[in-house]
Each structure stands twice: as C-alpha cells, then as structure tokens.
Amino acid sequence: MALTTVPFLALFNSQPAATLRDRVCAMLRQAIANGILPAETRLPSSRLLACDLSLSRVTIEAAYSQLESEGYLSRYSGKGTFVALFPERAVRRSLPTPVPVLSARGQNIIAAGGCDDPPFPRAFAAGSPDLRAFPQRLWRRLTQQRLSAGGESLMGYGDPLGLPSLRQAVAHYLGQSRGVRCTADQVVIVTSSQQALQMIALLLCDRGDRVWLEDPGYRGAYHAFHSNGADVCTLATDEQGAIIGDDAPPRLVYLTPSHQYPTGSTLSGQRRLAWLDFARRSECWLIEDDYDSEFHYDGRPLPALQGLEERARVLYVGTFSKVLFPSLRLAYLVVPDALIEPLRRLRSLMDGHSAQLMQAVTADFIQHGHFAAHLRLMRQLYASRRNLLIDELNNKLAHRLSLFPHQGGLQLTVALRAGGERRLTQQALQHELLLPRLSPLYRQQPAQEGWMLGFSALQPAELIAAVNKLARLSY
Ligand SMILES: Cc1ncc(COP(=O)(O)O)c(C=O)c1O
C-alpha cells in the first residue's frame with residue numbers, strides 16, 4: 001500500500017460545497033469514485049494534507065472522520081488512513097435516493113386518498129367506541145388464562161378461515177341477535193370490514209365490472225372496489241334507504257341496511273324484500289355491511305337482510321371494531337358455502353390469518369356472556385350520550401343545524417342549514433374541534449353540507465364543552 005502523492009488536490013478548488021470540511025469530503029469522494037484513489041490506498045496524514053491544502057489539521061481530521069462514518073475510509077491507529085476495501089458501497093450510497101414508479105393500480109389507490117381512522121378521545125371524531133369504558137381488567141384476565149392454559153397452541157400458524165371457537169361463537173351470536181342464517185363453517189374471520197370488502201372485490205370483481213354503492217356512502221367501500229378497477233356507480237338513497245337503480249344490473253351492490261352510512265336511515269322492510277328479489281332476478285350479490293347495528297337505541301333494529309330468506313344472495317359483513325375495540329382488528333364475513341374455499345386460499349396468500357390469541361380471547365369473551373353484558377352497558381351509555389347531544393344541539397344550534405335520523409350508531413349526522421362546511425371545519429380545528437365533513441361522502445352533486453358528530457366516546461362534560469365550541473363558530 002503506497003503512500004499517495006496527492007494527485008487529487010486539484011479537485012479541491014472545483015468543489016462547490018459550503019464549508020472547508022465539506023469541500024475536503026467532496027474532493028475525496030470524487031477522487032474515490034473516479035478511481036484516482038483506489039481501494040486500500042493510504043492517504044496522507046492529516047498534518048500533511050492540511051499543509052498541502054493550507055487548512056487546519058482539525059478540518060482534515062473532521063473530514064476523515066466523516067468519510068469513515070460514510071464507509072469511504074478505514075482508519076487504524078498507528079497505521080494511518082486508507083481508502084476502504086469496498087468504497088463502491090459508499091459511492092453507491094451517495095447516489096440520489098431512487099423513487100419507485102407506481103403502477104396504474106398503485107396510482108389509482110393513492111389518488112383515492114385512503115381512509116382516516118378516528119383519533120380517540122376527540123370531539124367530534126366519528127365512529128369510535130368509548131375505550132375508557134372497556135372492561136380492561138376482565139380482558140387481561142381472559143388473556144392471561146388463555147396464555148397459562150397452553151398458549152403455545154395459539155402461537156403457531158392458524159386456519160385462514162379463523163379459530164373454530166370464534167367462528168362458532170360468532171355464528172351463534174349472529175343467529176340469536178341479528179337473525180343471520182348460517183353455520184359456523186360459513187363464518188370467516190378477517191382483520192377488518194375493510195379487508196372483507198377487499199377480499200370480496202378480489203374474488204368477485206373483474207376490471208370494469210359494475211358495482212353499485214349508496215350515495216352518500218362509506219368511503220372505505222368505494223376505495224375497496226375502485227382500487228380493484230371496478231366501475232363504481234352511485235345509488236340514490238331516501239328515507240327508506242337505498243333505491244334500486246334502473247341502469248344495467250351490477251355484479252355487486254354494497255348496502256348499509258341497519259344504519260345507512262352516513263345518513264342514518266334504516267332500509268325499510270319493503271325495500272329489503274325488493275332488494276332480495278332484485279338480487280335473485282339479476283344474479284348479483286348484495287353486500288350487507290352491518291357495522292354498528294348493535295347500537296340501536298329506540299327499539300330493536302330490523303333483522304339482517306341476510307336472514308330474511310333462505311339462500312339469499314347476500315354476503316354479510318360485521319366488525320368488532322365498534323363493539324369491542326378497533327385495534328383488536330377482528331371482523332367477520334358470512335358467505336355461502338361456495339365461497340368458503342376461495343376465501344381460505346385468498347387469505348392464505350394475503351397475511352395468512354388473524355392473530356390466534358386475540359381470536360381465542362374474543363371467543364371466550366362472547367361464550368362466557370361478557371359480550372352480551374358489555375353490549376347492554378354500552379347501548380345504555382351511548383343512548384344517554386346521544387340524547388344529551390340532541391338536547392344540546394336543539395338548545396344551542398337549532399337555527400344552524402338540522403338532524404338526520406338518529407335511531408342508532410356512534411355518530412349523529414347533521415346538515416348545515418346555510419352551508420360554509422369547509423370554512424367552519426377549518427375554524428373549528430383552530431379550537432381543537434374535529435368536525436368530520438359530510439359533503440365529501442357524496443359523489444353526485446350538489447352535495448349536502450354538514451358533519452358527522454361522533455358522540456359515543458365522549459363523556460357528558462366533554463360533549464357539552466364541544467357543543468359550546470360548535471355554537472361559538474362564526475356561521
Ligand atoms: C360503514 C362502515 N363499515 C365498516 C367500518 C369499519 O370497520 P373496520 O374497522 O372493521 O374496517 C366503518 C368504520 O367507521 C364504517 O363506517
């Protein structure tokens with residue numbers, strides 16, 4: 001390894017870098033990249049180089065240390081400073097960061113903007129259960145019991161269709177409380193309703209296939225079908241729920257029958273039967289998203305569309321995000337026998353299955369009766385919060401807002417009487433009030449302006465304070 005005769009010094013003056021240290025670094029990087037300084041070349045001592053460049057030794061030391069940390073140089077005490085064995089790696093590191101070019105599908109996905117999940121607890125984030133009211137200690141105890149009683153069996157790979165005990169518990173619960181007709185085999189456990197919709201889109205929908213979606217409607221459903229290339233068409237809604245369209249029949253129809261998202265209406269009994277007839281005649285499938293039917297406050301909700309007739313052409317979707325907690329990441333699909341095996345294969349190619357331990361604890365929670373008790377309590381709690389919100393709005397904002405139907409759910413949709421949604425939402429943010437906007441959920445224009453006011457996660461004092469802030473906006 002020869003001592004260099006500093007053939008690279010001429011490069012120093014051509015470096016545009018700001019500081020002297022940066023110029024020394026840039027000079028050496030360039031000399032290494034150009035092969036003027038090959039691997040393992042010994043560099044002059046910092047004292048010598050400082051002298052040649054008329055700089056201080058401290059500057060050269062700082063430059064050598066910088067280049068050592070970048071992988072260009074190796075320094076050995078008592079031996080000197082050398083060009084590293086593989087300086088090409090460092091040279092490569094200094095190339096500009098490559099940017100992947102998105103596929104047309106990728107561009108389609110990001111253009112849609114993604115879904116925003118509600119922060120907790122924050123007035124008026126929509127759709128969040130009250131996590132402060134969740135029985136944490138009981139949940140911890142059930143988890144501990146599962147781990148103690150042979151947790152290893154839950155640590156291996158699991159069935160892509162879900163843990164049998166949870167499928168059984170869900171089938172029983174849905175039959176009893178929602179009138180869903182199914183066996184445990186027809187229940188498929190997934191991570192979220194969103195995953196269920198993605199899987200349905202992947203299995204049943206080719207590029208250009210027609211899918212009907214309620215308008216206004218749930219953005220998550222729109223994203224699932226749009227990102228898979230479907231031709232997403234809108235369905236108007238009225239006080240009886242979604243109206244059957246009269247253009248060319250679709251392959252899939254997405255509906256929220258118990259609690260239309262976001263208008264809060266309920267699909268009437270007559271309309272339900274009409275949709276089932278329509279599906280049979282046009283050989284399409286209805287997707288019933290029953291996302292928060294557990295929270296009906298004025299009487300019982302109508303039973304699920306899926307159970308209204310034998311062999312209905314319905315794919316039923318439900319979630320534990322609202323009734324337990326969202327980070328549990330457990331939801332379910334109820335499907336006809338012919339879809340069970342395709343779903344098993346698809347899930348095995350996606351992420352395999354949902355976490356086994358959490359599936360087991362959820363099954364125990366349901367089977368030991370805690371789920372029914374928790375639902376009863378939450379229904380009472382949320383009903384009282386909904387009533388409080390309605391009173392507060394009627395007292396303080398009746399001339400500004402009008403209320404959509406509000407028999408159930410975790411949020412109350414309100415219409416702004418005189419517009420100004422975007423401006424007022426911005427203004428509210430400055431006062432730390434989050435107002436989920438209504439108009440972006442409409443595809444057909446003109447869109448109704450308003451907000452979806454989440455109430456379920458807010459304690460009474462928080463609700464009152466939030467309505468006071470809402471009333472102080474400059475309408
Ligand atoms: C209509 C509708 N479906 C499904 C969900 C969410 O369920 P998940 O968390 O299981 O994706 C929501 C959440 O707000 C929703 O509004």
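Bear in mind the structure is a predicted one, so any value in this text is a computation, not a measurement. First listed ligand is number 1; within each ligand, the first listed atom is number 1. Only this structure's heavy atoms are used, side chains among them; waters, hydrogens and symmetry mates stay out.
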Residues R122, S128; criterion side chain to side chain donor-acceptor pair (under 3.5 Å); working and verdict: CA-CA 9 Å; R122 174 99 185 262; S128 177; over 6 Å; no

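- A distance limit of 4.0 angstrom between heavy atoms and ligand 1 selects the residues S192, S193, Q194, Y218, Y254, Y261, D289, Y291, T319, S321, K322, R329.
- With sequence neighbours excluded, the residues satisfying salt bridge (Lys or Arg N to Asp or Glu O under 4.0 Å) with R146 are D364.
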Can you give me every donor-acceptor pair (side chain of residues 397-410, partner residue at least two apart or in another chain, under 3.5 Å) with its distance?
{"from": "H406", "atom 1": "ND1", "to": "F404", "atom 2": "O", "distance (Å)": "2.9"}

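- When the side chain to side chain contact (heavy atoms under 4.5 Å, CB included) test is applied to P446, no partner is found at least two apart in sequence or on another chain.
- When each of W275, W212, Y261 is paired with L255, the side-chain contact (heavy atoms from CB on, under 4.5 Å) condition holds for W275 and for no other.
- Checked by atom type, the side-chain pair Q427/S474 shows a donor-acceptor distance below 3.5 Å.
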